[in-house]
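Just so it is clear, the structure is predicted and the values come from calculations on it, not from any experiment. Chain naming here is simple, since letters A, B, ... match the order of the sequence lines and numbering starts at 1 in each.
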Amino acid sequence: MASGSRRDIALAARAWPFEEARKVLARIERRQKAGRALDTVLFETGYGPSGLPHIGTFGEVARTSWVRQAFHELSDIPARLVAFSDDMDGLRKVPDNVPNQEMLREHLGKPLTSIPDPFGTHGSFGAHNNARLQAFLDRFGFSYEFFSSTDCYRSGLFDQAVLAVLGHYEEVRDVVLPTLGPERRATYSPFLPVCPRTGQVLQVPIIAWDTAAGTVVYEDEGRRTEVPVTGGHCKLQWKADWAMRWFALGVDYEMSGKDLIPSVELSTRIVRILGGEPPETLSYELFLDEAGQKISKSRGNGLSVDEWLSYGPEESLAFFMFQKPRAAKRLFFDVIPKSVDDYLAFVAQYRREANEAAAFENPVWFIQGGSPSAEDYPASFALLLNLVSASGAQDRNVLWGFIRAYAPGASPATHPGLDRLVGYALKYFEDFVKPQKRYRAATAKEREALAALADALENMAEQRDGETVQNVVYEIGKSHGFEPLRDWFKAIYEVALGQTQGPRFGSFAALFGCAETAVLIRTALSGAFLPGAKI
RNA sequence: GAGCCCGUAGCUCAGUGGUAGAGCAUCUGACUUUUAAUCAGAGGGUCGAUGGUUCAAUCCCAUCCGGGCUCACCA
């Protein structure tokens, strides 16, 4: 039913990356009409001076990449994605999670790229952080061009734009001043000279500037110094810096957290003063922790990328980031299973509807970079978690035994994706379910019956039929006088598995192995599982 | 104070200009002997309030109420 070209469909697509990409498209058309056509489009993502990647970094690059992917469907104009590192920022305080604190303290105030690497592995602290950032982005296969602020300044790439700021010195300053507190206002200048003697980025009053010479004069510790604004001898204060960078690189699109909304507005005004056109922007919502508080790197609340990836696949994290960027979302462990299963639901939908119109609305199309390999998932992640939790399975093979009972024909070979989920489910069990286990000691009567059960299981070590085993379990319970019989099963679970309920025990033993189950029961009877026991 | 987001079933949330959806929870039944899981089914919502646009509003617009967050030092 969908008629029209692929591009027509893309032009009407409702997924938010298409909405964003159309903003860029409209920008291009505006520029063409104004006789300033673009031959390439630039998407930017930026990173603060700490440079250490976190889950928000992943989100921002992933989201920007999706907008670019949508843009490719709308236009033939090449689109670049730049990852820009603010590595020329002065080190304001020593991070407490890095070595060589003493050494770093001596270099406070200097650009990160002028400070030795406390880890000793790279040419500078900034280079170290940049390497970490790039390794992080590469790990997920993002396509980007890396830009170093220091390189841009020192190579002269920014010279023209920096001179443009100098040429509008008062206008730029006067736009920024009202946004500052009284104290900072007194010393503010868009230009932060790099001290020729100490190498520090100085926040000092600028007492004169020379547009023709391209220099500023500042006073520091009673001495007047004149430095060029070009060639990396000055850095711009960050609000002006952002605007200058947009202007210099010709940034067409950049998203940022909503905490930066005032800065976006300010930079927009500055870039207009410079005669440039501010990029299209998107302010996304911040992530909240378990208690609904803003996630902060320094407080360490919330969830790290690695933590997510130990309980769910990368696609589930990407899917989480895809959903409603403008709505605040709780980012905690418990959202992972739902995110995985919602993602699987879209994978299934993708398998059903392979046309372009459907694809453009489907997160899977974005997350798998436009060419999804839609695998079949016969079991949901929630099912796997229940299965692991109920069975106490701690081993892939055992869990697969249970899975086959529900999805005949499935195997790690035929369903590698599902097999990955099996690993995540086991890990989830290990970290969240197992610690909740509460073993108790057996009573004398239970001890006798359990010992008998262990013997019986050992005698039918090769038995693979759950029903047969279940009958044996049942008989032993009856012969030891458990009434109601429910108490017998309860005792098995509480003593041997550390939980008040569990799987059908016969099926469990058959899958887990009767001999192994016998060992499990005897170990439990020995008291090894009890609190305080030495294992 | 400024700005942003949210308000849909008991809970967590999807969703669309044309008789309201999922998961969990609850209840019933099946799985010929515990429970859980699984499967089948059921109940449950004036879609925050009011007004407007429309043949038609949960959806668009305005106002209001309620909840939350961000910013006003630095990046």
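Aromatic ring centres of A/Phe322 and A/Trp16: separated by under 6.0 Å.
Nucleotides B/U28 and B/G18 place their C1' atoms 35 Å apart, quoted to the nearest Å. For the P atoms, the distance from B/G43 to B/A49 is 24 Å, rounded to whole Å. Taking atom P on both B/U34 and B/A14, the two are 40 Å apart, rounded to the nearest angstrom. Separating the P atom of B/G44 from that of B/G52 is a span of 32 Å, rounded to the nearest Å.
The side chain of A/Asp86 approaches B/A75 more closely than any other nucleotide in the set B/U16, B/C5, B/A75. The side chain of A/Asp89 has B/A75 as its nearest neighbour among B/U34, B/C13, B/A75. Checking B/U34, B/C74, B/C71 against the side-chain heavy atoms of A/Gln470 singles out B/U34 as nearest. Candidate nucleotides B/U70, B/U34, B/C4 were compared by shortest atom distance to the side chain of A/Glu285, and B/C4 ranks first. Nearest to the side-chain atoms of A/Lys258 among the listed nucleotides B/A75, B/U70, B/C5 stands B/U70.
Side chains of A/Trp66 and A/Glu20: a donor-acceptor N/O pair is absent below 3.5 angstrom, by distance only. If you check the side chains of A/Asp87 and A/Thr150, you find a donor sitting under 3.5 Å from an acceptor. A/Tyr47 and A/Asn129 form no side-chain donor-acceptor contact under 3.5 Å, judged by distance and modelled atom types alone.
Backbone-only contact: A/Lys324 has heavy atoms under 4.0 Å from sugar-phosphate atoms and none from a base. Using a 4.0 Å heavy-atom criterion, one finds that A/Leu180 contacts the sugar-phosphate atoms exclusively. Here A/Gln323 lies out of heavy-atom contact (under 4.0 Å) with every strand.
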Where does RNA chain B pair, written as one dot-bracket string 5' to 3', with Watson-Crick or G-U pairs under 3.5 Å, ( ) inside the strand, [ ] for crossing pairs and | for another strand? (((((((..((((....[..)))).(((((.......))))).....(((((..]....))))))))))))....

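In this structure, A/Glu475 and A/Ile261 both approach RNA chain B, and ranking their closest nucleotides by distance from the 5' end singles out A/Ile261. If A/Arg14 and A/Lys478 are placed on RNA chain B by their nearest nucleotide, the residue sitting closer to the 5' end is A/Arg14.
Here B/G15 presents its P atom at 12 Å from CD of A/Glu361, a figure rounded to the nearest Å. In this structure, A/Asp241 atom CG and B/C74 atom C1' are separated by 14 Å, rounded to whole Å. Rounded to an integer number of Å, the gap from A/Arg326 CZ to B/C69 P is 20 Å. One interatomic measurement links the two molecules: CG of A/Asp342 to P of B/C24, which rounds to 12 Å at whole-angstrom precision. In this structure, CG of A/Asp259 is placed 15 Å from P of B/C73, rounded to the nearest angstrom.
Residue A/Arg269 qualifies as open at atom CZ: its count of foreign heavy atoms under 6.0 Å is 12 or below. Environment of CD in A/Glu448: sparse, with no more than 12 heavy atoms of neighbouring residues, nucleotides or ligands closer than 6.0 Å.
Residues forming a ring-ring contact (aromatic ring centres under 6.0 Å, His included) with A/Phe381 (at least two apart in sequence, or on another chain): none.
Side-chain atoms of A/Arg22 never come within 3.5 Å of backbone atoms of A/Pro17 as a donor-acceptor pair (strictly under, hydrogens ignored).
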